[in-house]
Amino acid sequence: MAFLDHLNPQQRGAVTAQEGPILVLAGPGSGKTRVLTSRVAYLVLDQDVPPWRVMAVTFTNKAAREMRERLEELLGPSRARTLTLGTFHATCARILRREAEPAGISRDYVIFDADDQARLVKQAMADLNLDDKRYPPRSVLAAISQAKSELIPPETYAPQSYYGEIVKRVYERYQALLSANRGLDFDDLLMVTALMFRQRREVLARYQEQYQHILVDEFQDTNQAQYSLLRHLTRDHHNLFCVADEDQSIYRWRGADYRNIRRLRSDYADLETYILERNYRSTQTILDAARAVIRHNRDRVDKHLYTDRGQGPEIVVHEAYDQDDEAQFVVDTIAQFVAREGRSAGDFAIMYRTNAQSRALEEAFVRASLPYKLVGATRFYSRREVKDLLAFLRLVHNPDDDVSMARVVNVPARGMGAKTITALEDAAREQGISVYRVLQSIREPGSEGPGLWSRARTSCLAFLDMVEGWTVASRELRVAELVSRILEETGYEDYIRHSNDGTGGREDLAQREQREERWGNVLELRNVAADYQHHSLAEFLTDVALVSDVDNLSADVDAPTLLTLHSAKGLEFPIVFITGLEEGLLPHSRSFDEPEEMAEERRLTYVGLTRAKDRLVLTYAFRRSRFGSSEAAVPSRFLDDIPDELTRGSWGEPQMSGRERETSWGSAEAAGAPAAGGELTTQPRFRVGQRVLHEVFGEGMVLESRGLGDNEIVTVNFEELGLKRLMAGMSPMAVLEG
DNA sequence: TGATCGCGCCTTTTT
DNA sequence: GGCGCGATCA
């Protein structure tokens with residue numbers, strides 16, 4: 001068992017533990033994933049457990065993929081392939097595809113994402129004549145989602161208040177709509193599976209029999225439905241292996257319940273617990289800072305994380321003037337690390353609390369003409385053009401999907417206006433059938449349809465013919481070919497790239513770029529589809545609905561990664577920036593009056609801090625604009641928790657605070673003080689008044705230059721694009737004259 | 001019918 | 001500062 005040699009005694013103890021329920025409480029960077037992977041290998045190689053009898057549940061698809069790759073090395077590809085390995089959602093989706101009948105759902109179900117859910121809740125509320133001003137659909141949906149994650153179907157939902165009554169009514173209607181659309185939302189995947197196990201013993205028995213060992217990563221973030229699934233499946237053999245860190249529980253808002261750890265202790269009397277405190281990732285400084293932040297939380301086991309990586313450099317804490325200055329600081333600092341320490345650009349991660357914060361950072365990277373990787377924010381699968389295309393595919397797969405129908409019936413515009421669509425939907429509701437079936441009924445001779453103008457009727461029939469054509473074709477074509485055909489027949493390319501033709505006005509550059517980007521997304525989706533040569537449309541749609549943005553994080557591109565603290569979970573980077581450490585942002589203002597939510601903000605910060613291997617840079621702004629207007633910010637309370645001896649101010653000495661800078665704004669910059677002491681003695685490359693040519697931005701004039709060498713920052717007024725600040729050393733820009 | 005403009009709301013976090 | 005929704009016009 002060569003792989004055991006690479007484990008420390010604590011890890012090995014957990015990996016080779018006897019059968020029965022096992023809980024591994026492990027701190028960050030303690031090799032959790034490795035322990036989990038090794039356990040699987042141990043079961044298969046040493047205990048002769050057939051791999052198809054093992055189910056391993058990870059938190060993201062990315063984690064699953066990496067684990068499978070590692071296991072392919074350890075077990076060989078053919079054996080690794082037979083493992084059941086994936087997220088809870090993906091695993092349930094697969095089970096439900098097989099067990100549609102006992103689960104009481106359609107085999108052709110489609111997964112409804114957050115966007116579809118929102119539409120459906122709105123529709124349910126409209127059907128019930130409920131005022132969406134008084135009852136925000138978002139919060140009603142949150143209540144429904146909460147109920148589902150607690151395995152409470154609408155029938156048994158017991159309202160505790162008037163608002164609860166409303167929720168119950170919407171929940172019932174919403175669920176009826178889902179079912180009519182043959183749709184399952186994310187929560188349904190878990191709830192329906194768990195309820196099926198509860199009600200259909202013979203089905204459960206088959207799965208209990210098949211899965212003799214179940215392993216779960218990030219157990220602290222499981223919800224009740226997921227716990228119930230585990231409980232059902234391991235009821236007889238108790239071979240449950242959970243890896244958890246209660247300090248990293250950051251999904252309470254979506255129903256995760258870290259008390260599941262305690263539940264485990266009471267439900268499995270024979271539970272054995274292993275604790276991993278040795279950290280392989282971070283320097284002692286980083287661990288000390290992280291502990292200083294997390295120790296304020298009550299009700300936790302205080303782990304003493306230790307490392308032999310040494311003390312490491314101090315944590316840099318930097319106050320910026322505003323979010324743009326903060327972003328510029330981040331970019332400049334990365335450039336310095338790259339220049340001075342020979343770091344590669346992919347070593348950096350920049351984290352923030354809310355997706356909205358990525359904008360200023362992206363702009364700073366673009367200004368400096370530096371590449372970056374972005375997780376989330378403009379999530380690929382929620383782009384309009386991508387959703388449109390998926391809606392066409394969903395319609396082919398499941399014509400009764402009225403949500404997709406409504407989305408694309410008139411995209412690109414084909415003469416079916418709001419009036420026609422409403423008429424179709426009304427007819428569908430009256431007859432209790434889907435819009436697609438109404439369209440079919442129109443075609444029958446003698447049927448004039450629901451009072452449609454003949455022109456609209458022609459459009460409807462043309463659309464129906466088109467979709468039916470695809471449906472027939474889909475039996476022969478691969479998914480990517482089907483996509484091509486859909487694009488062709490709908491004229492989608494023209495719609496995305498040139499639909500503005502008639503207006504004649506000159507498009508600005510940004511609009512052009514956006515169009516091309518949109519078209520690029522369409523092509524990208526077709527590329528993804530091309531990987532599904534040997535898979536069905538159903539599998540494609542399921543996978544696509546369940547991928548997260550982190551899953552697609554590419555290791556090939558050598559560029560800094562921008563991501564939320566939530567999506568940073570499970571990842572590590574040599575150098576981590578956490579930005580926006582301000583009261584109201586981190587901790588977020590929504591957590592101020594709820595101690596448990598404040599504790600979660602603290603854990604979130606802890607997760608961020610412990611992603612760093614070598615260095616941490618923490619930044620906050622003196623002013624930050626929220627909703628457009630700029631307001632003074634207060635440094636985060638979490639910064640106060642980090643002992644001073646672990647930190648230092650930023651590069652330049654003396655450090656100028658935002659307050660000082662506000663009074664001297666402009667004058668200090670014009671002096672062009674080098675950002676750091678002991679700089680190389682180069683001349684500035686650019687002088688005020690020079691005309692320059694930039695490869696991307698075109699011609700312009702230098703308005704300002706400060707800093708030297710790699711730190712030289714120039715402000716250029718470009719003829720086409722206006723003012724830009726650039727890192728001179730890293731910009732493809734040449735002097736024309738002056 | 002469809003495109004355009006303006007208003008109001010908003011922001012946690014994601015499988 | 002942006003996005004969706006509703007009112008308004010070609």
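The model shown is predicted, which means the values in this text are computed figures rather than measured ones. Hydrogens, waters and symmetry mates play no part in the numbers below; they use all other heavy atoms, side chains included. Here is how names work: the chains are called A, B, and so on, in the same order as the sequence lines, proteins then strands, and each is numbered from 1.
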Taking only side-chain N and O atoms of Asn355(A), does any of them lie within less than 4.0 angstrom of OP1 or OP2 on dT14(B)? yes
It should be established whether Thr564(A) places a side-chain nitrogen or oxygen under 4.0 Å from OP1 or OP2 of nucleotide dT14(B). yes
Output all residues satisfying ring-ring contact (aromatic ring centres under 6.0 Å, His included) with [X], sequence neighbours left out; order by chain, then residue number.
X         : value
Phe540(A) : Tyr532(A)
Tyr207(A) : Phe197(A)
Phe59(A)  : Tyr251(A)
Phe463(A) : none

What integer distance in Å separates [X]:[atom1] from [N]:[atom2]?
X         : N       : atom1 : atom2 : result
Leu190(A) : dT15(B) : CG    : P     : 13 Å
Glu600(A) : dT13(B) : CD    : P     : 13 Å
Arg138(A) : dT14(B) : CZ    : P     : 12 Å
Gln226(A) : dT15(B) : CD    : P     : 12 Å

Within 45° of the ring axis of Tyr109(A) and under 6.0 Å from its six-membered ring centre, is that where the NZ or CZ of Arg97(A) lies? yes
On DNA chain B, check which nucleotide each of Thr87(A) and Glu601(A) is closest to and give me the residue with the more 5' one. Glu601(A)
Do Tyr495(A) and Tyr492(A) have ring centres separated by under 6.0 Å? yes
Whether Phe88(A) stacks on the six-membered ring of dT15(B) base, 5.5 Å and 30° limits: no
Starting from Watson-Crick (N1-N3 plus N6-O4 or O6-N4) and G-U wobble pairs under 3.5 Å, report the runs of at least three that DNA chain C belongs to. B:1-10 with C:1-10
At the 4.0 Å heavy-atom cut-off to chain A, mark where contacts on DNA chain C begin and end, going 5' to 3'. dG1(C) to dC5(C)
